[in-house]
Amino acid sequence: MAKFRSLDDIDPKGKRVLLRADLNVPMKGGKIGDATRIERLAPTIRELSSRGARVVVMSHFGRPKGKPEAAYSLRPLVEPLAAAIGRPVAFAEDCVGPLAERAVAALKPGDVALLENLRFHAEEEKNDRGFAKQLAALGDLYVNDAFSAAHRAHASTQALAHLLPAAAGRLMQAELDALEAALETPKRPVAALIGGAKVSTKLDLLTFITGKVDVLIIGGAMANTLLFAQGVAVGKSLCERDMADTARRIIEQAKQRGCDLVLPMDGVVAREFKAGTPSETVAIDRVPPDAMILDIGPRTVHAIAERLARSKTLVWNGPVGAFEMAPFDAGTTALAKRVAALTREGKLLSVAGGGDTVAALAHARVVDELSYVSTAGGAFLEWLEGRTLPGVAALGAR
Ligand code: 3PG
Ligand code: MG
């Protein structure tokens with residue numbers, strides 16, 4: 001990964017620092033559902049502020065259609081952000097133009113302002129250079145701390161990075177360091193645990209990762225597609241039957257690259273996906289025609305745990321069962337606890353990311369026990385596909 005500049009390489013004293021954050025937090029009925037992204041951003045703001053910067057925070061929020069929409073205002077984030085950094089946060093009702101200029105001009109060293117949603121301007125998502133110039137006019141330095149939005153080539157993540165001296169914030173730095181330790185320069189053996197519903201959405205990921213890891217463990221409904229491709233009858237399980245050829249190609253590729261592919265050998269099956277529905281554990285070649293696989297079974301958990309015990313590094317994306325409904329959370333929770341224990345004992349470097357994955361880790365109460373849990377969803381996935389993230393590349397370009 002190209003070396004990027006961090007806060008260690010800039011002198012923000014007295015400067016206006018334009019800080020690209022990702023305040024795109026989940027909201028439920030006007031309340032923040034999960035404040036992780038705010039908490040993880042706070043140290044960067046606190047550091048810049050204490051080093052005498054005038055901090056101008058900008059972010060997108062939701063997906064408004066290029067014009068102001070009250071439901072997507074960042075104003076409700078002002079108080080939570082102020083609480084997280086322990087100082088007041090001013091608010092500008094626009095991210096460019098006179099309202100933004102006035103708010104920025106009023107800042108004294110150490111002060112913090114939040115600008116209104118970048119996506120209230122259609123030019124943001126178009127990576128428009130003129131819009132980026134308007135943003136650039138508000139700052140002397142640019143700091144990007146929005147790894148979770150780095151897969152977007154937008155004005156605030158890409159064009160702007162080329163208009164001002166640019167650096168990565170502490171969260172961006174931590175994300176990049178963790179990802180590098182997991183896949184670029186890992187301690188081997190390195191394992192990947194990939195779950196989720198569909199092979200089709202993780203095709204590029206699977207193709208890339210078989211060339212990177214020593215062990216590839218697959219669970220979740222996507223495992224059904226691979227099993228089916230090998231002639232296993234999966235009953236009424238979620239399965240992409242039209243992906244069988246592709247699945248066989250992935251299996252063949254793993255073999256050629258010396259990547260140990262681990263698929264479920266038993267499963268927890270039920271007739272319907274409903275709370276309280278009777279379920280049973282069966283060998284993977286004994287799935288009844290009218291049943292569906294909703295979790296990995298205990299033999300599979302054991303086999304995976306054995307691989308993990310022999311690994312030094314793990315990358316995890318995707319639950320291995322329908323963890324949102326008991327008892328089908330058992331496999332994912334057992335693995336999460338195993339990963340947490342190995343990490344605690346200093347035997348495993350564990351990096352996880354993706355919305356469902358983090359929810360599953362939270363469900364197992366081990367989010368804080370992994371080596372690193374990414375704040376990113378889509379960006380984490382694209383990175384696992386071996387793609388260059390535009391927001392990261394833009395930082396290295398200077
Ligand atoms: C995310 O939550 O994945 C990021 O904030 C990016 O948001 P987007 O998918 O709307 O671009
Ligand atoms: Mg997204």
Side-chain angles (χ1 to χ4, degrees), residues 18-28 31-42 44-45 57-69 71-74 76-77 80-81 84 95 114-128 131-132 135 143-161 168-169 171-172 174-176 178-179 196-197 201-202 204-205 316-319 351-362 367 372-385 387-395:
L18 268 177
L19 175 64
R20 177 50 158 107
D22 187 352
L23 292 174
N24 191 26
V25 295
M27 293 288 247
K28 274 192 201 134
K31 290 255 176 300
I32 293 171
D34 175 16
T36 307
R37 283 183 176 174
I38 299 174
E39 288 155 16
R40 301 275 289 275
L41 164 74
T44 295
I45 302 183
V57 183
M58 50 184 180
S59 177
H60 71 288
F61 183 57
R63 292 179 179 172
K65 301 273 171 282
K67 55 180 186 330
E69 223 177 305
Y72 296 113
S73 173
L74 275 170
L77 273 292
L81 187 59
C95 62
L114 173 64
L115 306 181
E116 184 56 287
N117 195 342
L118 292 158
R119 290 187 183 171
F120 283 179
H121 294 263
E123 296 92 332
E124 159 67 358
E125 291 184 65
K126 290 182 185 142
N127 199 9
D128 183 86
F131 180 67
L135 291 171
V143 172
N144 188 348
D145 218 18
F147 174 76
S148 48
H151 56 320
R152 307 293 181 215
H154 292 173
S156 65
T157 57
Q158 197 184 54
L160 178 55
L171 176 55
M172 172 72 89
E175 296 268 6
L176 294 177
L179 299 184
T201 55
K202 294 193 183 171
D204 291 344
L205 188 163
W316 186 355
N317 174 264
V351 176
D356 279 354
T357 316
V358 179
L361 292 173
V367 180
Y372 194 78
V373 177
S374 177
T375 54
F380 187 81
L381 272 184
E382 289 200 19
W383 175 79
L384 283 186
E385 293 168 354
R387 289 186 205 231
T388 303
L389 306 182
V392 173
L395 289 179

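A quick note: this is a predicted structure, and the numbers were derived from the prediction, not measured. Order of appearance sets the numbers: ligands from 1, and atoms from 1 within every ligand.
Taken from CG in Leu19 to CG in Leu41, the straight-line distance is 6.0 Å, to the nearest 0.5 Å. In this structure, CG in Leu179 is found 8.5 Å from CG in Leu389, a value given to the nearest 0.5 Å. The line from CZ of Arg20 to CE of Met58 is 7.0 Å long, rounded to the nearest 0.5 Å. Rounding to the nearest 0.5 angstrom, the gap separating the OH atom in Tyr72 from the NZ atom in Lys65 is 6.5 Å. The structure places CG of Asp128 at 12.0 Å from CG of Leu160, a figure rounded to the nearest 0.5 Å.
With a 4.0 Å heavy-atom cut-off, ligand 1 is reached by the side chain of Arg119 but not by its N, CA, C or O. With a 4.0 Å heavy-atom cut-off, ligand 1 is reached by no atom of Ala149.
Among Glu124, Glu69, Lys67, the one residue that satisfies the side chain to side chain contact (heavy atoms under 4.5 Å, CB included) test with Arg119 is Glu124. Considering Asn117, Leu74, Thr157 as possible partners of His60, the one that fulfils the side chain to side chain contact (heavy atoms under 4.5 Å, CB included) test is Asn117.
Looking at Glu125, His154, Arg63, His60, it is Arg63 that brings a heavy atom closest to atom 10 (O) of ligand 1.
The Asn24 neighbourhood of ligand 1 comprises atoms 1 (C), 2 (O), 4 (C), 5 (O), 7 (O), with distances under 4.0 Å to a heavy atom of that residue. Within the listing of ligand 1, atoms 4 (C), 5 (O) sit less than 4.0 angstrom from a heavy atom of Asp22. For ligand 1, the atoms lying closer than 4.0 Å to a non-hydrogen atom of Arg152 are 8 (P), 9 (O), 11 (O).
At least one heavy atom of Arg37 lies less than 4.0 angstrom from ligand 1. For the ligand labelled ligand 1, residue Ser148 lies inside the 4.0 Å heavy-atom shell.
When only interatomic distances are considered, the shortest N/O to N/O separation between His151 and ligand 1 does not fall below 3.5 Å.
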